[in-house]
Every structure is written in C-alpha cells, then in structure tokens.
Amino acid sequence: MGGWSIAVHGGAGVDPNLPVQRQEEAKQLLTRCLNLGISALRCSLPAIDVVEIVVRELETDPLFNSGRGAALTEKGTVEMEASIMDGPKRRCGAVSGLTTVKNPISLARLVMDKSPHSYLAFSGAEEFAKQQGVELVDNDYFITEDNLGMLKLAKEANAIMFDYRIPIGLETCGAGAMESALQMNGLPISIYAPETVGCVVVDSQGSCAAATSTGGLMNKMSGRIGDSPLIGSGTYACDICAVSCTGEGEAIIRGTLARDVAAVMEYKGLPLQEAVDFVIKHRLDDGKAGMIAVSNKGEVAYGFNCVGMFRGCATEDGFMEVGIWE
Ligand code: ASP
C-alpha cells in the first residue's frame, strides 16, 4: 500500500493569455481545496467522503465551472450536472439538468446512497433533491457577470465553447464579433471560459473514489448532457484506480476516457501514468481534454492534450504541486 494521495482539477483548455491575477486565484483555490482534502485524509475519512468535500468547496466558489459560476445555456440559465463513484464496490450516482441545487455533487452522492438508481435528471432530480432536503437556491445564484459576458461573446460568434479558442465560423459573424473574440483572446478582459472541476482520491486503505461537477459548455443547448455525469466517460472509479476528466464532453464521451484508463491498467497491466498517457494518445482527438487519476497503490497522475489544465495533487509523503501549463 502506497499511502493516500489526492488530485484536483479546475478544468482543461485554458486561455494562454489568462491574466496573471486569475492564474493566481485559480492556484490559490486549488491549494485550498487540496489542503481541505489532506486534512480530511489525515482524519482518516474515506476517499468517497473526501472527494465530495473537495468538490463541494469548488462548487461553492464561483471561479470554476460548477455550482456558482457554472457555464450558461443558450437561454442564459444554468443546468448543472455531476457524478461520483466509490471504487471498491463500484457504486455510483449521477445528476443532470439541475437548476436550483446548490451542491450538485452531494445530490449525486444521495442518488448513490439513497435511491434505487444511478442517475437522475431534470425535474425528477429536482424533486428528489426536495425530498432529500438538500439546500436549494434560485437559478440566479449561479449566474455571474463574467459568465454573462462570456455567453454574449459565444452568441455573437455562434459558438459553443469549452475553452479560450476563437470560435469557428467567426469570420461569418461580422466586425463586432471579431472585436469581442480578440478581446476574449487576450487582452485586458476579465472574462474567460470557466472550467469543470473534479477530484480523485485514494485513501490509506487503498480505496479509490472520483467526483466531477460542471455547468457544461458555455452556450450549450438546453438539455445537453456532457461527459461529466456519465460514468465511464467523465468519471470512473474501481478497485484499481479513480479518474476524473475535463474538456470537450463530446470527445470524452466518444473515447470513454475514464473507464479506458482502468481497462488499460487491468487488461494491459500498465502503471497509472502510462495508462493515462496511452488513453490520451489513442482515444482522444487532439486538443480536446485532460484528466487526473490515482491508483490503489497511491500513485497520482494527470495528462492533457490542450494548452493547459488547472490541477493540483498531494501525496502522504508530503509532496504537493499545483499547476496550469505543461
Ligand atoms: N467536460 C465538460 C463538458 O463537456 C466541460 C469541461 O470540462 O470544462 O460538459
């Protein structure tokens, strides 16, 4: 047994011109969340509790794309989704289409623990939330000025966005759109596409767990479901490892990325980092996504094939790292 380890992410696909202050805020938030997870692990909380605690904190802070600060639909509303998985017994819970649940990850946990199902969505999920007495807020609570600005840019460019890139088709959208996109790509603007959050943990018993939470993609169609609530795509945990993905959900779904990391370890016998690298190389379109992972031996790994990924990790032997770029 290799001791506990933990990794967090705040999304893949980062604007290379992201203002330094934003980068620092993101790193501080990741560090705070890692420390929260470390304290919980030192108190011997099981991996499944630790991933929930950490993701709740990320949902509550507006910086990343989950809970408050979630990406907006084309209608300017928030439809959040999340999933959680407990490795040893492969128990899981997932939710989609949430509009009033303050902490979607905790509702996913309740689906796992308190319902006969694995996945609840839209009005049925909201009804279950009421029955379970979880904290509910108005949809407005989740909507930030930054995200309203980003939605405006996305609409002008007629694009659905997961990262900083100038949207395809912009040239057909007129001078106003071009000006906005240039601003978005760089310059003194406080707006940037927010990113999904996730946490993976192996505790000192060698139990692995994973949790992922998101508002999805900016300017997505109402009703769109991404990879984050899909067990095997955005989230997976088993007796061997735990994985949480981020990036363009449609590409992650096509590659069944999270489950494939476990499959490559199981069937090909690769160690964790090699399994992550293998799956990114062979199952993912270029420039699309990234992931964090831990193994039951206490290994921690990450990988991405886009410009950056907000992430951090820590292990029981005192190692801790937070980064954004390669
Ligand atoms: N994977 C998320 C989605 O497609 C977005 C992200 O990771 O930022 O909904």
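In what follows, every heavy atom counts, from backbone to side chain, and hydrogens, waters and symmetry copies are set aside. Counting starts at 1 for both ligands and their atoms, in listed order. From a predicted model like this one, the values you see are computed outputs, not experimental measurements.
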Taking only heavy atoms of [X], which atoms of ligand 1 are found under 4.0 Å from at least one of them?
X: Leu217; value: 3 (C), 4 (O), 5 (C)
X: Thr246; value: 6 (C), 7 (O), 8 (O)
X: Gly216; value: 9 (O)
X: Asp227; value: 1 (N), 2 (C), 3 (C), 4 (O)

Any nitrogen or oxygen of Thr196, side chain or backbone, less than 3.5 Å from one on ligand 1? yes

Say whether Arg224, considering both its backbone and side-chain N or O atoms, lies within less than 3.5 Å of an N or O atom on ligand 1. yes

Taking only residues at least two apart or on different chains, which pairs with a member in residues 60-84 satisfy salt bridge (Lys or Arg N to Asp or Glu O under 4.0 Å)? Arg32-Asp61

Tell me, which pairs form a salt bridge (Lys or Arg N to Asp or Glu O under 4.0 Å) where one or both residues lie in residues 310-319, sequence neighbours left out? none

Out of Ser244, Gly198, Gly247, Ala12, who is nearest to atom 2 (C) of ligand 1 when you count heavy atoms only? Gly247

We want to know whether Thr196 and Thr246 form a side-chain donor-acceptor pair, criterion being a heavy-atom distance below 3.5 angstrom. no

Short side-chain donor-acceptor distance under 3.5 Å, Gln28 and Glu24: no

For the residue pair Leu272 and Met265, what are the closest heavy atoms and their distance? CD1-SD, 3.7 Å

Does Gly11 come within less than 4.0 angstrom of ligand 1, counting non-hydrogen atoms of the residue? no

Do any N or O atoms from the side chain of Asn305 and from the backbone of Gly287 form a donor-acceptor pair under 3.5 angstrom? yes

